Amino acid sequence: MERRTIGAGALAVGAVGLGCMPMSWAYSGSRQRGDESLRCVHRALDLGSDLLDTADMYGPFTNELLLGRVLKERRREAFVSTKAGLLVGEQHIVANGRPGYVKRACDASLRRLQTDVIDLYQLHRADPEVPVEETWGAMAELVRAGKVRSLGLCAVGARGGRRSGGRLYDTTLRQLERVQQVFPVSAVQAELSVWSPEALDGLLPWCEARGVGFLAAMPLGNGFLTGTLTPGEGFEPDDLRARHPRFTAEMMAANQPIVAGLRRIARRHGEDVTPAQVALAWVLAQGRHVIALPGAKRERWAAQNAGAAGLRLTGEDLAEVSALPPALGSWD
């Protein structure tokens with residue numbers, strides 16, 4: 001697989017990584033199976049999708065434990081990315097950026113992942129009660145202690161930004177400027193896909209200008225851009241899409257022209273090319289510093305996603321994607 005670099009340290013990873021969250025968190029619980037997920041991770045590593053993205057809150061904790069079972073055998077083949085800064089309660093999630101907590105969270109993640117170093121440690125969310133410089137300083141100490149190799153920040157977006165006239169990631173850009181004064185940012189993770197291109201306005205150029213890696217989260221639009229979801233089929237109550245404004249039956253039907261466009265492009269590249277692979281190839285075409293992080297929990301999907309790294313879209317393809325209608329949600 002094509003290799004791309006993250007940050008000034010030139011940490012090399014496969015162009016398509018593996019988002020591990022669906023294996024343990026936020027998607028249909030009845031379809032989460034440990035053994036199947038383990039096979040998925042092994043398959044991803046076999047194919048060069050070596051950036052494994054997780055977080056302590058996924059589960060919580062169970063996602064890191066699952067990955068630890070693979071890393072115990074194949075640590076040298078993997079680039080491990082995990083996150084801290086969010087605590088999960090019964091009915092709520094809160095940020096905790098206190099330096100002491102961040103250091104304890106790192107030690108706990110190391111134990112669960114069965115490794116002595118984390119390749120990329122990301123701040124999941126800044127704590128509004130703690131200056132972000134203090135949190136970032138504690139994370140920098142983890143680098144100096146040899147527990148972490150590089151640091152990243154997860155972007156904060158708000159759908160309301162569409163209505164207020166502000167750019168979606170203005171808050172994140174301000175945070176990045178602040179923490180960059182404390183310790184270099186190696187990577188920024190944010191949503192980027194054909195139906196959520198907002199990061200192209202400001203956030204992606206910021207990363208490109210500074211040699212910062214961009215980790216494209218949800219590049220398949222929470223599964224919608226795969227073309228495998230049926231409008232009106234519904235989602236389990238624990239599935240985040242059950243409350244997502246783009247996943248009502250009405251909005252899924254209204255957004256079908258996006259999938260149809262991806263399918264047309266896929267057909268031009270061969271019978272075996274899928275809309276999902278076109279969607280991932282579009283993400284990778286946005287810059288040499290972009291890494292796609294599609295979530296998966298089955299071997300089949302991990303293999304299909306990895307195959308997108310070899311798909312090269314033409315100028316005509318990219319223009320056709322740009323001409324697709326914008327995604328609609330119930331907020332519209």
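Please read these numbers as outputs of a predicted model, since none were measured by experiment.
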Counting C-beta onward and ignoring hydrogens, is there a side-chain heavy-atom pair between [X] and [Y] closer than 4.5 Å?
X: Ile258; Y: Val194; value: yes
X: Phe214; Y: Val283; value: no
X: Leu151; Y: Val185; value: no
X: Val80; Y: Leu120; value: no
X: Leu200; Y: Leu192; value: yes
X: Asp53; Y: Leu51; value: yes

Would you check if the side chain of [X] reaches a backbone N or O of [Y] as a donor-acceptor pair within less than 3.5 Å?
X: Ser49; Y: Leu45; result: no
X: Asn222; Y: Phe224; result: no
X: Ser196; Y: Ser193; result: no
X: Thr274; Y: Gln277; result: yes
X: Arg243; Y: Pro237; result: yes
X: Glu77; Y: Asp50; result: no
X: Asp239; Y: Phe235; result: no
X: Gln114; Y: Leu110; result: no
X: Arg4; Y: Gly287; result: yes
X: Trp136; Y: Val182; result: no

First locate atom [atom1] of [X], then atom [atom2] of [Y], and finally report the distance between them rounded to the nearest 0.5 Å.
X: His124; Y: Ile93; atom1: NE2; atom2: CD1; value: 8.5 Å
X: Thr314; Y: Ile265; atom1: OG1; atom2: CD1; value: 8.0 Å
X: Leu229; Y: Asn255; atom1: CG; atom2: CG; value: 12.0 Å
X: Gln180; Y: Gln175; atom1: CD; atom2: CD; value: 13.5 Å
X: Asp56; Y: Cys106; atom1: CG; atom2: SG; value: 10.0 Å
X: Leu176; Y: Tyr169; atom1: CG; atom2: OH; value: 12.0 Å

Can you tell whether the side chains of Glu36 and Arg300 come within less than 4.0 Å, N to carboxylate O?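 Salt bridge flag = no for Arg300 with Glu36.
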Do Val188 and Met139 share a hydrophobic cluster, counting only Ile, Leu, Val, Met, Phe, Trp and Tyr and linking them when any side-chain heavy atoms are less than 4.5 Å apart?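 Yes, it is one cluster - the side chains of Val188 and Met139 are joined through contacts under 4.5 Å.
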Got more than 12 heavy atoms from elsewhere within 6.0 Å of [atom1], [X]?
X: Glu133; atom1: CD; value: yes
X: Arg74; atom1: CZ; value: yes
X: Arg76; atom1: CZ; value: no
X: Arg75; atom1: CZ; value: yes
X: Arg312; atom1: CZ; value: yes

Quick one about [Y] and [X] (side-chain donor to acceptor, distance below 3.5 Å, no hydrogens or angles considered), yes or no?
X: Glu64; Y: Thr54; value: no
X: Gln122; Y: Gln189; value: yes
X: Trp206; Y: Glu177; value: yes
X: Asp317; Y: His269; value: yes

Those residues that, when tested against Gln181, pass side-chain contact (heavy atoms from CB on, under 4.5 Å) (two or more places apart):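 Listed in chain order: nothing, the list is empty.
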Heavy-atom pair of closest approach, residues [X] and [Y]:
X: Ala78; Y: Leu52; value: CB-CD1, 3.9 Å
X: Trp301; Y: Ala296; value: CB-CB, 4.1 Å
X: Ala292; Y: Leu280; value: CB-CD2, 4.2 Å
X: Pro22; Y: Lys297; value: O-CD, 3.5 Å

For Trp195, is the NZ or CZ atom of Arg246 found under 6.0 angstrom from the centre of its six-membered ring and inside 45 degrees of the ring axis?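 Cation-pi check for Arg246 and Trp195: passes.
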